[in-house]
2 protein chains.
Amino acid sequence: MVEYSSTLDTVFHSLSDATRRDILKRVSKEELSISTLAKPYPLSFAAIAKHVAVLEDAKLITKRKIGKEQIVSIQPNTFKAANACLGQYEKIWNARFDALDTLLKNK
Amino acid sequence: MVEYSSTLDTVFHSLSDATRRDILKRVSKEELSISTLAKPYPLSFAAIAKHVAVLEDAKLITKRKIGKEQIVSIQPNTFKAANACLGQYEKIWNARFDALDTLLKNK
DNA sequence: CTATCATTCAACCATATGGTTGAATATAGT
DNA sequence: ACTATATTCAACCATATGGTTGAATGATAG
């Protein structure tokens with residue numbers, strides 16, 4: 001009956017935490033090691049490593065080892081899937097909404 | 001340190017469940033009562049009512065009472081916030097990605 | 001007024017989630 | 001070889017989540 005997409009489940013679940021979204025924001029600007037990522041937050045290193053693991057599971061980021069460090073970088077393609085999903089809900093009511101928007105502006 | 005946005009937390013959390021996404025898809029096409037919504041799923045009515053409540057909390061939908069029924073309809077504005085959030089991660093790497101994309105196509 | 005349908009509410013349960021600490025495993029630098 | 005740093009892993013805990021059932025409330029139709 002329902003079309004189950006475990007991928008979207010994990011993507012959206014990853015995005016539902018403010019710390020993880022902040023990690024994504026930082027990583028979208030530059031590649032960072034997990035320990036560098038961990039510094040600003042009032043959480044243990046292990047907690048951040050877990051958050052990074054969640055993001056990695058959702059394929060929102062990738063890790064690659066350089067020496068003793070794990071360098072985290074963003075994985076663009078996955079966001080396209082999330083966007084496409086949101087777009088799916090949008091398409092019908094978008095026209096309606098835009099019409100309302102213009103209506104309100106011209107009032 | 002971290003910019004906490006409880007709104008986005010709940011929006012993305014709502015979207016992380018396939019049943020809820022399916023409800024959204026159906027409701028994006030036409031307004032439906034909770035009991036109508038509940039029919040296709042192998043879950044109790046109460047379970048679906050809970051899912052609807054989660055979506056309502058996140059302001060992805062609204063309910064209005066008509067007689068004994070609660071009519072569920074989609075609330076467009078909230079999706080704009082989610083989209084804007086995703087766009088935030090995109091803007092930096094989007095250029096890079098598009099460049100790569102063109103590169104691969106012209107190869 | 002009563003029976004029925006749609007919904008809400010409360011109690012309950014199993015499992016997932018987000019956090020902790022402490023120990024184990026690389027790798028780098030001296 | 002020793003030490004410090006970066007990471008992983010395992011055990012543990014409190015709370016949140018997603019589901020159930022059954023009872024209570026509201027509105028409609030006879």
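Each chain gets a letter, A, B and so on, in the order its sequence line appears, and its residues count up from 1. Source: prediction; values computed, not measured. Keep in mind that the numbers below use all heavy atoms, side chains included, and drop hydrogens, waters and symmetry copies.
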Nearest-Å distance for atom pair [atom1]/[atom2], residues [X] and [N]:
{"X": "A/Phe45", "N": "C/dT21", "atom1": "CZ", "atom2": "P", "answer": "14 Å"}
{"X": "A/Leu32", "N": "D/dT7", "atom1": "CG", "atom2": "C1'", "answer": "16 Å"}
{"X": "A/Asp22", "N": "C/dG18", "atom1": "CG", "atom2": "C1'", "answer": "17 Å"}
{"X": "B/Ile66", "N": "D/dA27", "atom1": "CD1", "atom2": "C1'", "answer": "13 Å"}
{"X": "A/Leu15", "N": "C/dG18", "atom1": "CG", "atom2": "P", "answer": "12 Å"}
{"X": "A/Lys50", "N": "D/dC12", "atom1": "NZ", "atom2": "C1'", "answer": "10 Å"}
{"X": "A/Arg64", "N": "D/dT7", "atom1": "CZ", "atom2": "C1'", "answer": "16 Å"}
{"X": "B/Phe12", "N": "D/dA16", "atom1": "CZ", "atom2": "P", "answer": "22 Å"}

Exercise for review: Would you sort out whether A/Arg21 and B/Phe12 count as a side chain to side chain contact (heavy atoms under 4.5 Å, CB included), showing the intermediate values?
Suggested key: CA-CA 11 Å; A/Arg21 288 197 304 276; B/Phe12 284 125; 4.0 Å; yes
Review point. Taking B/Arg64 for the side chain and B/Ser73 for the main chain, is one N or O donor matched with an acceptor at less than 3.5 Å?
Key: no
Exercise for review: Measure from the side-chain N and O atoms of B/Arg20 to the backbone N and O of B/Leu55, and report whether any donor-acceptor pair falls under 3.5 Å.
Suggested key: no
Looking only at side-chain N and O atoms, does [X] come under 4.0 Å of OP1 or OP2 in [N]?
{"X": "B/Lys63", "N": "C/dT8", "value": "yes"}
{"X": "A/Gln70", "N": "C/dA26", "value": "no"}
{"X": "A/His51", "N": "C/dT17", "value": "no"}
{"X": "A/Ser35", "N": "D/dT7", "value": "yes"}
{"X": "B/Ser44", "N": "D/dT20", "value": "yes"}
{"X": "B/His13", "N": "C/dA16", "value": "no"}

Proximity to the side chain of [X] - top-ranked nucleotide from [options]:
{"X": "B/Glu69", "options": "C/dA26, C/dT7, D/dG18", "answer": "C/dT7"}
{"X": "A/Ile34", "options": "D/dT7, C/dT20, C/dA26", "answer": "D/dT7"}
{"X": "A/Ala46", "options": "C/dT7, C/dC9, C/dT21", "answer": "C/dT21"}

Review point. Where each residue is assigned the nucleotide of DNA chain C containing its nearest heavy atom, which of B/Thr36 and A/Ile48 is assigned the position nearer the 5′ end?
Key: B/Thr36
Practice item. Would you kindly compare A/Asp17 and A/Lys68 by the position of their nearest DNA chain C nucleotide and give the one closer to the 5′ end? Key: A/Asp17
Practice item. For the residue pair A/Val72 and A/Lys63, establish whether any side-chain heavy-atom pair is separated by less than 4.5 Å. Key: yes
Point to revise | Worked verdict on A/Ile71 versus A/Ile66 for side chain to side chain contact (heavy atoms under 4.5 Å, CB included) | key: CA-CA 7 Å; A/Ile71 302 298; A/Ile66 294 193; 4.0 Å; yes
